[in-house]
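In what follows, a single structure is set out as structure tokens and then discussed.
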Amino acid sequence: MSTVVEKAAGKPVSKAAPSPDIDWSTAEAAELYRVDAWSDGFFRINEAGHVAVTPLPDSEIEIDLPRVVEDIRARNVSLPALIRFQDILQARVRRLNEAFREAIADAGYRNRYRGVYPIKVNQLHEVVEEVLEAGRPYGMGLECGSKAELVAALPHLEDDDALLVCNGVKDVMMLRSILAAQRLGKQVIPVVEKFSEFEEIMRLGAEMQLEPRFGARIRLATEGSGRWEASGGDRSKFGLSLPELVTLIERLENKGSLNAFVLLHFHLGSQIADIQILKSAVKEIAQCYAQLLKRNVPIRYLDVGGGLGVSHDAPDSPSDYAVHYSLQEYANAVVFGVREVCEEQDVEQPVLISESGRAMTAHHSVLVVEVLGAYPKDFIDDDFKPGKEDHVTVHRLFDVWNRLKRTKKTRRTGNRAVRAVDELLEAYHDAIELRRDASARFGMGYLPLEQKALTEQLFWSASMEILTRLSDHDLDVMPPEFQVLEEQLAEHYLCDFSVFQSIIDHWAIGQSFPILPIDRLDERPTRRAVLVDLTCDSDGKVSHYVSSNPDKRFIELHRLRNGEPYYLGFFMMGAYQDIMGDAHNLFGRVAEAHVYADAEEPGGYYIEKILPAMTIEEMLASVQYFPNDLQRRMNQIIRQKVEAGVIRPRVGTELLEQYMRHFSQSTYVDAQGTPATTTRLNAAKKEDAAP
Ligand SMILES: *Cc1c(COP(=O)(O)O)cnc(C)c1O
């Protein structure tokens, strides 16, 4: 506890001794973790080697992330914690709207843009309110996709003009509420996803004696791309086919109700990877629109759905999660595309709607997770020297390791790098041969257990030295021999979080999220790590990373230091992640802090709100275990033991109290008081002894 208290009292975070390694700068750290590619300018690495947040685009305010973490810890918030930078959320909302404004001005487009925020992306009340507030000057509305979302969204339509677009499968009750809202004068527009919904809307309209208004989702020929491609195109689950659309119009004509049909919609799926696909979908829907207008269907709104992507990686990355267009390019594609078709067809230009969710919310929240311990290979003590009693194989492995350690640390390029790598390969082959030799001798009973253990430790230390030396050089590709080694030498960093709770898309669809230490970034990270979580599940690990390193199965991290917490930031958490997590292993919602920038406050920010993590009691209640019942059962067991004389009554009472104390606690690990801490300290001690 002491380190935390000390730091919370405002003392500067202790700085590392200057790295003994060759040059390393915070710019290199930024490059390694691709900060420029995903941060959209909201995050950077400052001179102190900390992650700094610049939430206000036009201001100098820079918030030190480690400082915020110390601050919330000092308020007894347990980690993992989600930190929301509400200013970033607002800035993204403005950026989206401004991009459309600019496109509209450039294109001379003769109508406006009305974005709607799809609340499924992050339903947290504060997020929705923040989006609405920042979007108010632009007439921003909401989108909902289920009954519960409709219930949540409806009361937020303060302005009669604000749009609420209702997608998803709608039952009669939901449609009734939507039409009731229309009667109130609200712009609530159900989007017909299935033909039967259209029939139901018309029936309800007649019953409620009002002329309903609705939109329709069109199944375009253009297919989406990337992970969510099945959301669009002929195979998509939702939307009307063109024959259905024709039937629908005929029905409306017969009833004389053409005015009811006001909106056309498509949705290509999230994270549209290729702007060309969007462009062709926009053309297609605009053609539909123009045709309908010519048939006297007075469509007013053209809704291009969601899918505006955010990049998680650099554009040159082979990863699926690099997005190859900017926000402005997206807005231009929509505005210019629709204008072109409308001009060709000589029809009025519609109000443009997009349902961009991810693009608004992804950047604003960061999950901060503490590393509980590192589980390295068994390395040899740094000052080890073999004695006369040690086996010759031990001596020879020691020579290999020692030679590597003494190699001069210089960066080499070109042919000199190739030669250096050849030397390392030779050393590696020697080490492998000696290890094999040791195994053979051991198998035949010629090598005692302790000597065999020493050869193992020396082998891993030599291998680690080789990898460290390799990282000194500029290599385009890692020789295949060493790739195996990287995998074998990767350390498991045990993190206090659940992959399933907090980065569900990583587990479910393999999305990479930017992850980096929030501190010590002025120090070369010397460890290759794989992050593992608390769940008892072999999938509970992060299996690929956003990194400039071609091998993305690992993340470069620092050695843990004795008694000093090591925090990782998981970025781009604001869209989908923090609301989709399930109750895997009963780790519930993490704690949250809502941070606002404020130049008048020390550190340039204040914490507006803290939402505590889910308690064990709340988590258990969600799966039907209740404290009363559990207490009764536990009490019964204890009483039996007291009666049988196994424990004294006083001890029994203490045991029950101790058990009951759990209910009010967080489901996550208390890093300050667990066996995992011991592991961390041991690992750190051992590592501190290493070079
Ligand atoms: C999920 C969804 C969205 C949001 O998509 P983003 O990629 O987050 O912008 C928008 N519209 C519909 C119909 C959706 O299903």
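Below, each value reflects all heavy atoms present in this structure, side chains not excepted, and no hydrogens, waters or symmetry copies. Computed from a predicted structure; not experimentally measured. Just follow the structure's listing: the first ligand is 1, and inside any ligand the first atom is 1.
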* Begin from the C-alpha positions of Ser177 and Met174 and carry the test side chain to side chain contact (heavy atoms under 4.5 Å, CB included) through to its verdict. => CA-CA 5 Å; Ser177 302; Met174 185 167 172; 5.9 Å; no

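The structure places CG of Leu516 at 4.5 Å from CZ of Phe571, a figure rounded to the nearest 0.5 Å. Rounding to the nearest 0.5 angstrom, the gap separating the CD atom in Glu149 from the CD1 atom in Ile119 is 4.5 Å.
At a 4.0 Å heavy-atom cut-off, ligand 1 touches Pro118 through the side chain alone.
The closest approach between any non-hydrogen atom of Ala575 and ligand 1 is not below 4.0 Å. Not a single heavy atom of Ala359 lies less than 4.0 angstrom from ligand 1. Residue contacts with ligand 1 do not include Gly145, since none of its heavy atoms lies under 4.0 Å from the ligand.
Judged by distance alone, with hydrogens and angles left aside, the side-chain atoms of Gln182 form no donor-acceptor pair with the main-chain N or O of Ile189 at under 3.5 Å.
The distance from ligand 1 to the heavy atoms of Arg358 drops below 4.0 Å at these ligand atoms: 6 (P), 8 (O), 9 (O). Taking every heavy atom of Gly357 and a limit of under 4.0 angstrom, the matching atoms of ligand 1 come to 6 (P), 8 (O), 9 (O). Of all atoms in ligand 1, numbered sequentially from 1 with element shown, those under 4.0 Å from a heavy atom of Gly306 are 5 (O), 9 (O), 10 (C), 11 (N). With ligand atoms numbered from 1 in the order given, ligand 1 contributes 5 (O), 6 (P), 7 (O), 9 (O) to contacts under 4.0 Å with heavy atoms of Gly307. Near His267, with a cut-off below 4.0 Å to any heavy atom, the atoms of ligand 1 are 2 (C), 3 (C), 5 (O), 10 (C), 11 (N), 12 (C), 13 (C), 14 (C), 15 (O). Each of the following atoms of ligand 1 lies closer than 4.0 Å to a heavy atom of Tyr576: 1 (C), 4 (C), 5 (O), 6 (P), 7 (O), 8 (O). When each atom of ligand 1 is checked for a heavy atom of Ser270 under 4.0 Å away, the hits are 6 (P), 7 (O), 8 (O).
When each of Lys609, His594, Arg84 is checked for a side-chain hydrogen bond (donor to acceptor under 3.5 Å, both in side chains) with Glu126, only Lys609 meets the rule.
The shortest N or O to N or O distance between Lys120 and ligand 1 is below 3.5 Å. In terms of N/O distances under 3.5 Å, ligand 1 is not approached by Asn167. Below 3.5 Å of separation, one finds no N or O of Ser356 facing any N or O of ligand 1. Between Val121 and ligand 1, no pair of N/O atoms sits closer than 3.5 Å. The shortest N or O to N or O distance between Glu355 and ligand 1 is under 3.5 Å.
A 4.5 Å side-chain heavy-atom check between Leu96 and Leu327 finds at least one atom pair inside the cut-off.
The shortest heavy-atom contact between Val128 and Tyr117 is CG2-CE2, 4.1 Å. When all heavy atoms are compared, the tightest approach of Leu82 to Met573 is CD1-CB, 4.2 Å.
Listed by first then second residue, pairs satisfying ring pair (Phe, Tyr, Trp, His ring centres under 6.0 Å) with a partner in residues 176-207 read Phe195-Phe198, Phe198-Phe214, not counting sequence neighbours. Applying the side chain to side chain donor-acceptor pair (under 3.5 Å) test to every pair with at least one member in residues 154-166, sequence neighbours left out, gives these pairs: His125-His156, Asp160-Lys186.
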